[in-house]
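Letters go in sequence order (proteins before strands), and every chain restarts at 1. FYI, side chains are in, hydrogens and waters are out, and symmetry mates aren't considered; it's all heavy atoms of this structure.
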2 protein chains.
Amino acid sequence: MQRKTNRERTETTRARLLEAGRALFVSKGYADTGTPEIVATADLTRGALYHHFPDKQALFAAVVETEAAAVAAEIEQAVPMTLDAVSALLTGGEAYLSVMQQQGRARLLLLDGPSVLGRARMDEIDDAHGNRTLREGLEAAMNAGALKPLPLDALTVALGAMFDRAVLALIDGGDLRDQMAVLGAVIKGLQK
Amino acid sequence: MQRKTNRERTETTRARLLEAGRALFVSKGYADTGTPEIVATADLTRGALYHHFPDKQALFAAVVETEAAAVAAEIEQAVPMTLDAVSALLTGGEAYLSVMQQQGRARLLLLDGPSVLGRARMDEIDDAHGNRTLREGLEAAMNAGALKPLPLDALTVALGAMFDRAVLALIDGGDLRDQMAVLGAVIKGLQK
DNA sequence: TTGCATACATGCAGCCTGTATGTTAATTAA
DNA sequence: TTAATTAACATACAGGCTGCATGTATGCAA
C-alpha cells in the first residue's frame with residue numbers, strides 16, 4: 001500500500017525547493033544564497049535539489065520564471081478591460097510600479113536575473129509574461145491610432161526599461177510623483 | 001640605492017590588477033572570474049590583490065568606475081559643443097550606443113555592475129560620470145526652452161534607462177534603426 | 001514477484017575566498 | 001649611518017560551496 005505516488009512526491013518537492021529558493025533569493029540575492037541553506041529551508045538535502053535541477057542556476061531560473069508570471073498575473077488583474085488604450089497603459093504602468101516593490105522582487109527580476117541568466121534568457125522570460133502584456137497594450141494603442149506608429153518590439157523594450165528603472169529608483173528612495181510625471185510625459189509625447 | 005619608490009610600485013601594481021581584472025570581467029563576467037586567474041594574468045599573487053583591495057568586490061568596483069569614466073570621456077569627445085541642445089542629446093545618445101558595444105562593456109556596466117554592487121552604489125558611479133553628461137544635456141535643453149519642464153533627476157534616470165536597454169538590445173541582435181527611431185521619437189515627444 | 005527506474009540521501013573532490021603569517025625592500029628616526 | 005618601522009608583497013591555511021559519484025529505499029511495470 002503506497003502512501004504517495006511518485007508524481008506527487010516530485011511535485012511537492014519541486015514546489016518546496018522553489019519556495020525556499022524564492023524566499024532566500026529575494027532576501028539575500030543569488031550570490032549570497034547557498035544551496036545548503038536552500039535545502040535546509042526546504043527540509044531536504046542537496047541530493048533532492050540536484051536531482052530535480054541540473055544546477056543552482058537552473059533553480060534560480062525556475063524561481064525567476066515563476067515570479068515573472070506572478071507579476072504579470074497581478075497586473076492583468078489590476079487593469080480593467082473597459083479602459084481605453086492609453087489609460088490602460090498608464091494604469092498598468094502604475095500597477096507595475098506598485099507590484100514590483102514587494103519584497104525583493106526588483107532585485108530578483110531586475111538585478112540578479114539579467115546578470116545571472118543573461119539578458120537574452122531574461123528576454124525570453126519577460127516576453128512570455130510581463131513584456132507580453134505591455135506589448136499588447138502598445139499594439140492596441142497603435143492600432144487604435146492613439147500612438148504614433150513605431151517599431152513595436154523596440155518601443156516595448158524602451159518603455160519597459162523605463163518602468164523597470166523607475167521601480168529601482170523608487171526602492172532607493174525616489175519620488176513616485178516625479179517618476180510618474182516623467183513616464184506620463186513620455187507616453188503623452190508618443191500620442192498622435 | 002633604491003630601484004623603485006614604494007609609490008611607483010603601488011601605482012603600477014594597482015594598474016596591472018585593474019587591467020587584468022577588466023580584461024577578465026568583461027570577457028567572462030564577475031562570477032566566473034576567480035582571483036587566482038586575475039593575479040595570474042597580472043603576473044602577481046593574491047597577496048598583492050588583497051593588499052591593495054579589501055576584497056574581490058572592491059577590485060570590481062574600481063574596474064567599473066574606471067570604465068564608466070572612460071565611457072563618459074569618449075562620449076564628451078564625440079559631441080561637438082557647437083550643437084544645439086536637442087541635437088547634442090541625439091548625437092550623444094548615438095555615441096553612447098556605439099561606445100558601449102565595445103568588448104563586454106555592457107555586461108560590466110549594465111548587468112554585473114548593478115547586480116554585484118547594487119543599484120545605489122552604481123548610481124553614485126553613474127552620476128559621477130555617464131549620467132552627469134546626460135543630465136547636463138537635459139538641463140541645458142530645458143533651460144533653453146526646448147524641452148518640457150520635468151523633474152530633472154527622474155527624467156535623467158528614465159532616458160538613461162532607455163539608452164542602456166537599447167545597448168543591450170543591440171548586442172542581442174536588435175536593429176539600430178529601430179532603436180534610434182524609438183529613442184528619437186521619445187525625445188521629440190518631450191520637446192515643447 | 002522480480003527487475004528496473006525514480007526519488008532522494010550521503011560522501012567526496014576540487015575550487016575559491018578571505019585571512020594570518022612570513023619575507024624582503026623602502027622609509028623614517030636617531 | 002644605522003637601527004627601527006612600515007609598506008609591499010608572497011605563501012600557507014581554514015572554511016564553505018558547488019557539482020558529481022555513489023548508496024539506498026520506494027514506486028512501478030512486466
Side-chain angles (χ1 to χ4, degrees), chain A residues 1-25 27-64 112-113 115-118 121, chain B residues 1-25 27-64 112-113 115-118 121:
Chain A
M1 193 217 234
Q2 67 197 38
R3 302 248 153 150
K4 260 199 174 181
T5 173
N6 263 349
R7 183 162 196 127
E8 289 169 332
R9 275 177 63 117
T10 290
E11 212 167 311
T12 64
T13 300
R14 269 188 66 102
R16 281 166 64 184
L17 286 172
L18 286 175
E19 198 175 342
R22 193 207 99 100
L24 292 168
F25 288 144
S27 75
K28 313 192 343 176
Y30 178 80
D32 289 346
T33 300
T35 53
E37 195 179 0
I38 295 174
V39 297
T41 302
D43 254 315
L44 291 165
T45 65
R46 289 173 12 95
L49 197 168
Y50 280 88
H51 176 71
H52 287 285
F53 299 92
D55 53 19
K56 181 187 168 187
Q57 202 177 340
L59 169 64
F60 180 74
V63 168
V64 165
D112 287 352
S115 174
V116 172
L117 304 178
R121 177 94 181 74
Chain B
M1 194 217 227
Q2 65 195 39
R3 304 244 152 155
K4 260 199 173 180
T5 175
N6 265 349
R7 190 177 193 113
E8 288 168 333
R9 274 175 66 113
T10 291
E11 211 167 312
T12 66
T13 300
R14 269 188 65 104
R16 282 166 63 183
L17 287 171
L18 286 175
E19 198 175 343
R22 194 208 99 99
L24 292 167
F25 287 144
S27 75
K28 313 192 342 175
Y30 178 80
D32 290 345
T33 300
T35 54
E37 196 179 359
I38 295 173
V39 297
T41 303
D43 254 316
L44 290 166
T45 64
R46 287 170 18 88
L49 197 168
Y50 280 88
H51 177 71
H52 287 285
F53 299 92
D55 53 19
K56 182 186 168 187
Q57 202 177 331
L59 170 65
F60 180 74
V63 168
V64 165
D112 286 352
S115 175
V116 172
L117 304 178
R121 176 94 182 74

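At least one donor-acceptor pair under 3.5 Å links the side chain of B:Gln57 to the backbone N or O of B:Val116. Between the B:Thr12 side chain and the B:Arg9 main chain, a donor and an acceptor come within less than 3.5 Å of each other. Using a distance-only test at 3.5 Å, with no hydrogens or angles considered, no donor-acceptor pair links the side chain of B:Ser115 to the main chain of B:Asp112. With A:Lys56 contributing its side chain and A:Thr33 its backbone, the two residues share a donor-acceptor pair below 3.5 Å.
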Show me the protein contacts with nucleotides 28-30 of chain C, counting only N or O atoms at under 3.5 Å.
none

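Within residues 28-39 of chain A, no residue approaches DNA chain C, by heavy-atom distance under 4.0 Å.
Counting to the nearest Å, the C1' atom of C:dT24 and the CG atom of B:Leu44 are 16 Å from each other. What separates CZ of A:Phe53 from P of C:dC8 is a distance of 11 Å, to the nearest Å. Following rounding to the nearest Å, A:Glu11 (CD) and C:dA7 (C1') show an atom-to-atom distance of 15 Å. Regarding A:Leu49, its CG atom lies at a distance of 15 Å from the P atom of C:dA7, rounded to whole Å. Between A:His51 atom NE2 and C:dA9 atom P there is a gap of 10 Å when expressed in whole angstrom units. When rounded to the nearest whole Å, the span between CZ of B:Arg7 and C1' of D:dT6 equals 16 Å. If you take OH of A:Tyr50 and P of D:dT22, they are 18 Å apart, rounded to a whole angstrom. For B:Lys56 and C:dT17, the NZ to P distance is 5 Å, given to the nearest whole Å.
Taking only side-chain nitrogens and oxygens, B:Thr13 comes nearer than 4.0 Å to OP1 or OP2 of D:dC9. Proximity of A:Arg9 to the phosphate of C:dC8: a side-chain N or O atom is located under 4.0 Å from OP1 or OP2. Between A:Thr10 and C:dA7 there is a side-chain polar atom (N or O) within less than 4.0 angstrom of OP1 or OP2. For C:dC8, the OP1/OP2 oxygens have a side-chain nitrogen or oxygen of A:His52 closer than 4.0 Å.
A distance of 8.5 Å separates CG in B:Leu44 from CG in B:Leu49, rounded to the nearest 0.5 Å. Atom CG in A:Asp43 sits 11.0 Å away from atom CG in A:Leu17 (nearest 0.5 Å). Separating the CD atom in A:Glu11 from the CZ atom in A:Arg16 is a distance of 13.5 Å, to the nearest 0.5 Å. Once rounded to the nearest 0.5 Å, the distance linking NE2 of B:His51 with CZ of B:Arg14 reads 10.5 Å.
If B:Asn6 and B:Gly47 are placed on DNA chain C by their nearest nucleotide, the residue sitting closer to the 5' end is B:Gly47.
In this view, B:Phe60 and B:Phe25, B:Tyr30 satisfy the ring-ring contact (aromatic ring centres under 6.0 Å, His included) rule, not counting sequence neighbours.
On a pure distance criterion of 3.5 Å, a polar donor-acceptor pair joins the side chain of A:Arg46 and the base of D:dG19.
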